[in-house]
Amino acid sequence: KQKLSEHEMQSVVIAACRDRAQHDSRYALLFAIPNGGHRHLSVASKLKAEGVQAGVPDLFLPVASRGYHGLFLELKVGSNKPIQAQRDWLYALRRQDYFCEIVWDDPQAVIALLAWYLNVTS
């Protein structure tokens, strides 16, 4: 079985959340934070001036649940490990009472984590 790229994994998660949002509007609040990727130097410079910061997690669900203010998700594939800036962000966000998780290789695990966080029973 071929592994998904991070882009593919995130796209599967977003599509599943759009589908689930038809029955639970909280899923529609999940959004991507476009910090990654290689950009032209002028675009990268503009984004940095606008406040884009390295290490911010990939996805955010701004829903308070289970005693947390919201859920941040970092998606990884294969042997890709979090960089120091990502670890620093996750640590800082956890200290502010956000639920933060890194999920490797499995969009279904992300979807299950979202259902758990939202206290959704199937």
Side-chain angles (χ1 to χ4, degrees):
K1 182 179 176 182
Q2 186 176 356
K3 298 257 185 197
L4 296 175
S5 69
E6 283 186 27
H7 164 77
E8 292 165 331
M9 183 175 165
Q10 186 165 318
S11 295
V12 168
V13 169
I14 294 297
C17 286
R18 286 181 180 153
D19 185 51
R20 288 170 181 247
Q22 296 174 32
H23 304 288
D24 186 334
S25 62
R26 297 175 298 170
Y27 281 98
L29 296 173
L30 182 73
F31 65 89
I33 301 169
N35 281 342
H38 299 286
R39 295 182 173 87
H40 188 275
L41 185 57
S42 65
V43 173
S45 179
K46 287 179 182 179
L47 290 173
K48 187 173 183 179
E50 291 173 1
V52 170
Q53 295 189 42
V56 174
D58 296 316
L59 297 171
F60 180 52
L61 181 66
V63 174
S65 184
R66 297 188 177 268
Y68 297 97
H69 300 303
L71 169 67
F72 281 95
L73 294 167
E74 179 63 35
L75 307 181
K76 296 292 182 188
V77 295
S79 61
N80 192 11
K81 303 251 187 284
I83 62 170
Q84 186 61 49
Q86 290 170 325
R87 291 191 299 270
D88 292 345
W89 266 102
L90 293 171
Y91 175 77
L93 291 166
R94 285 178 180 129
R95 291 192 45 110
Q96 295 301 314
D97 295 325
Y98 287 96
F99 188 86
C100 302
E101 194 69 37
I102 303 171
V103 182
W104 272 269
D105 297 319
D106 187 358
Q108 296 309 314
V110 177
I111 295 162
L113 178 63
L114 288 163
W116 169 84
Y117 180 78
L118 293 171
N119 207 16
V120 173
T121 56
S122 24

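Bear in mind the structure is a predicted one, so any value in this text is a computation, not a measurement.
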Residues forming a side chain to side chain contact (heavy atoms under 4.5 Å, CB included) with A92, sequence neighbours excluded: none

Residue pairs involving residues 8-23 (criterion salt bridge (charged side-chain N to carboxylate O under 4.0 Å, His left out); sequence neighbours excluded): none

Heavy-atom closest contact (L113 atom, F99 atom, distance): CD1-CE2, 3.9 Å

Minimum side-chain heavy-atom gap S5-V77 below 4.5 Å: no

Verify same cluster id: L29, L59 (apolar side-chain graph, 4.5 Å): yes

Over all atoms of both residues, closest heavy-atom pair of A32 and P34: O-CD, 3.6 Å

Indicate every side-chain donor-acceptor pair of residues 100-108 with a distance under 3.5 Å to a residue at least two apart or in another chain.
| unit_1 | atom_1 | unit_2 | atom_2 | d |
| --- | --- | --- | --- | --- |
| W104 | NE1 | N80 | O | 2.9 |
| D105 | OD1 | G78 | N | 2.6 |
| D106 | OD1 | Q108 | N | 2.9 |
| D106 | OD1 | A109 | N | 3.3 |

Side-chain (Q86) to main-chain (I83) donor-acceptor, under 3.5 angstrom: yes

Closest contact, heavy atoms only, L75 versus M9: CD2-CE, 3.9 Å

A21: partners by side chain to side chain contact (heavy atoms under 4.5 Å, CB included), with sequence neighbours left out: Y27, A28

Within residues 73-91 or reaching into it, pairs that qualify as salt bridge (charged side-chain N to carboxylate O under 4.0 Å, His left out) - sequence neighbours excluded: E74-K76

Pairs meeting criterion ring pair (Phe, Tyr, Trp, His ring centres under 6.0 Å) with involvement of residues 69-88, two or more places apart: F60-F72, H69-Y98, F72-Y98

Student check: side-chain heavy atoms of I14 and L30 closer than 4.5 Å: yes

Partners passing side-chain hydrogen bond (donor to acceptor under 3.5 Å, both in side chains) against R66 (at least two apart in sequence or in another chain): N119

Sidechain-backbone polar pair: R26 side chain, L118 backbone, donor-acceptor under 3.5 Å: yes

L90 with V52, same ILVMFWY side-chain cluster at under 4.5 Å: no

Atom pair CG (L61) and OH (Y68), whose distance is rounded to the nearest 0.5 Å: 14.0 Å

pair L73-L114: side-chain heavy atoms closer than 4.5 Å: yes

Smallest separation among heavy atoms of A85 and A54, with atom names: CB-O, 3.8 Å

Reported SG-to-CZ distance for the pair C17 and F31, which is rounded to 0.5 angstrom: 13.0 Å

Those residues that, when tested against H7, pass ring pair (Phe, Tyr, Trp, His ring centres under 6.0 Å) (two or more places apart): none

Rounded distance (nearest 0.5 Å) linking atom CZ of R94 with atom CH2 of W89: 14.0 Å

